[in-house]
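The structure appears right after this line, and notes come after that.
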Amino acid sequence: MIKSQVKAIVDRFFEEGVSSSLWSDRLRDRYSVEVPKHQGQGDFATNLAMVGAGIEKCNPRELAARFIELAGEDHPVIERWEIAGPGFINIFLKKSIWTTILAEINRQGEGFGLSRQGQGKRVLVEFVSANPTGPLSVGHGRNAIIGDSVARLLEATGFQVHREYYFNDAGRQMRVLGESTRARYLEELELEHQFPEDGYQGSYITDIADQLVQESGAELKDAPVEFFKEKAKEAIFADIDATLKRIGIAFDSYFNEHTLYEDGLIDDVVQSLKDQDLVYEQEGAVWFKTSALGLEQDRVIIKSSGEPTYRLPDIAYHREKFKRGFDWMINVFGSDHIATVPDVLAGVRALGYDDELITVILYQFVTLLRGGKQVKMSTRKATFVTIDELVDEVGVDALRFFFLMRKPDSQLEFDLDLAKKQSQENPVYYVQYGHARLCSIQRQAAEQGVSLDFSREVELGLLDQEEEYHLLKTMADYPGLVADAATDLAPHRLIFFLMELAGNFHSYYNKHKVLSDDRELSAARLYLCHCVKTVLKNGLTLLGITAPERM
RNA sequence: GCGCCAGUAGCUCAGUUGGAUAGAGCAACGGCCUUCUAAGCCGUAGGCCGGGGGUUCGAAUCCUCCCUGGCGCGCCA
């Protein structure tokens, strides 16, 4: 916000310099305005002179001097310019500029930080997409939170977002699920049964069987596996939905892989590929000639049994996404799916679509830590930890916060003991506590009869403390940060921002009294606090985390 | 063997897409509550940014070769 103002000022002087032949226009758009790392290096800095020196083959500091001379001394926004280091131009703003952000925050309220950069663009976020073979586990949890947070970020920046869950309730996995359920059912009735060798051993299967016994007694003992499969699917989906709802996630649509078959879309894809000579038969199977599309090896798309492999419906599904007219399609996958991505993209390309419109977020694995030791998990033995158990233990806020503390590319260590702690070590509380403290100050002010109406005149010049200046600068960064986090699909940056802002506030709180006998000063500081509270709350809400008023 | 991801303080991780003197939290040590919430703050200590080479005014960041860990490389999804 303020940064873009400064960039505009630098741009204007740059153009003036071009007109006066101080430097050439080859430099245009090559330089940037950044926030310097250290204090004393100004509010902003530009590398214009250094980049320019490289192009013009001259001394960067000399070029910087020319720039500063051109810019002159008298300016409504800039206090002074300074040449530093190898040739940076450090830019010091008038202090009063920073307080202008307060009116902006106050005016926009909940809308502060939102933008329109994605306006008019429709984006599909496909995530979770777990098949209904069991409750959502920790790995799905990271998927769900990343996907939903990315969706929220995109919404915040003006995209029209559609959340979709893709699933498959046919195939071998599901058959085994039906068999497992039937076996448990018969077991309950103490009838003869055989539990499948690779069956699902989780206790949730027994729960479903129990339910069936209670509802129908022994009536179902001759019912086909298909029946049990359907029952299990319904129960498990209901369970998954409840879990998602609990952690604040709702989908706009569920896409059943099966519809692709019913609508003939699978055959259609095969035909299209055939037409392009990208398909051949070998040993009874149908192969996709991915090697002709620059990949390492060809892949089977239809097994000799006649069943397609996952690749084929995946390609068909993605073609449907394109047909539905999305401008951007985002998939959230665990890194174990890494091998499947290139094949699907190659298929999409072969069908004539631009695979650049698809972005795949591959997140690394989650390990749970309890008592400093890794919790061993195995899907087969059903010793996995479910999201529900996790929420029972640490709550929704900590769950969301912890899953977002790392970028997707990094493996994530989820420390249960830390997430549970209601103490200073827990970063969730650190941020939330900041918000609660701000609310407390406002309550106090209200009790003292101090006005919380900031539309009237407040003497902003009184906000001249170092810590106040930090808060203002940090808050001014917020809209740009949200915008960048959205385009880069990086919700973790927002987490780090919130910790920084909360930290700035805690320091301020401990050093300066907001409420005092000085009514003017109190009013100014209350105004500042009001804005900090707004930004903290906006950021937390954006990530689906609550901002408590008391703790 | 090949592909992708990671390797930064004792631990867990950021690092604004190539910028200045390397950052946070936790752990350690030392301080701060008769004053708006101590779920907080202040200070100290802690570094061959995995290693070598290269690119340039400038590298944790880009290229290359190694080392270590994770995930894959299926007519499973």
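- Pro135(A) places a side-chain heavy atom less than 4.5 Å from the side chain of Phe384(A).
- Residue-level contact check: Asn90(A) touches the bases, meaning some heavy atom is under 4.0 Å from a base atom.
- The backbone N or O of Arg406(A) sits nowhere less than 3.5 Å from a side-chain atom of His492(A) that would complete a donor-acceptor pair.
- Residue His512(A) is in base contact, counting any heavy-atom pair closer than 4.0 Å across all strands shown.
- Pair assignment for C2(B) gives G72(B), based on Watson-Crick or G-U wobble hydrogen-bonding distances that are each under 3.5 Å.
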| Base-contact (B) and sugar-phosphate-only (S) positions in nucleotides 67-72 of chain B, heavy-atom cut-off under 4.0 Å, - elsewhere | ---SSS
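- Heavy atoms of Glu413(A) sit under 4.0 angstrom from primed sugar atoms or phosphate atoms, though from no base atom.
- In this structure, G53(B) forms a base pair with C63(B), meeting either the Watson-Crick or the G-U wobble geometry with both donor-acceptor distances under 3.5 Å.
- Ala436(A) comes within 4.0 angstrom of a nucleotide base, judged by non-hydrogen atoms across all strands.
- In this structure, Lys407(A) reaches the G15(B) phosphate: one of its side-chain N or O atoms is under 4.0 Å from OP1 or OP2.
- Here the side chain of His38(A) is nearest to one of A20(B), U16(B), U37(B), namely A20(B).
- The main-chain N or O of Leu536(A) is never found under 3.5 Å from a side-chain atom of Tyr478(A) such that the two would form a donor-acceptor pair.
- Counting distance only, with no hydrogens placed and no angle test, the side-chain atoms of Asn47(A) and the base atoms of A20(B) include no donor-acceptor pair under 3.5 Å.
- As judged by a 4.0 angstrom heavy-atom cut-off over every strand, Ser304(A) is placed among the base-contacting residues.
- Here Tyr430(A) does not pack flat against the base of G25(B), since the 5.5 angstrom centre distance and 30 degree tilt limits are not both met.
- Residue contacts shown for Glu500(A) are absent, as no nucleic acid heavy atom lies under 4.0 Å away.
- When heavy atoms are screened at a 4.0 angstrom cut-off, Phe496(A) is found touching the sugar-phosphate backbone but no base atom.
- In this structure, Arg437(A) reaches the A38(B) phosphate: one of its side-chain N or O atoms is under 4.0 Å from OP1 or OP2.
- Using a 4.0 Å heavy-atom distance criterion, Asp488(A) is classed as a base contact.
- Under 4.0 angstrom from either OP1 or OP2 of G19(B) there lies no side-chain N or O belonging to Tyr31(A).
- Using a 4.0 Å heavy-atom cutoff across all strands shown, Arg299(A) reaches sugar-phosphate atoms only and no base atom.
- Within 4.0 Å (heavy atoms only), Ala53(A) reaches no atom of the nucleic acid at all.
- Within 4.0 Å of Pro342(A), counting heavy atoms only, lies no atom of the nucleic acid at all.
- Going from the P atom of U44(B) to that of G25(B) covers 13 Å, rounded to whole Å.
- Regarding the sugar-base torsion, U17(B) falls in the syn class, its angle being within 90° of 0.
- The six-membered or imidazole ring of His470(A) lies away from that of Tyr508(A), with a centre-to-centre distance of 6.0 Å or more.
- Applying ring-ring contact (aromatic ring centres under 6.0 Å, His included) to Phe67(A) and the options Tyr31(A), Trp81(A), Phe88(A), Phe14(A) leaves one that passes, Trp81(A).
- Considering only side-chain N and O atoms, Ser410(A) lies nowhere under 4.0 angstrom from the phosphate OP1 or OP2 of C5(B).
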| note | Per-nucleotide protein contact along nucleotides 54-62 of chain B, 5' to 3', at a 4.0 Å heavy-atom cut-off (B base, S sugar-phosphate only, - neither), is ---------
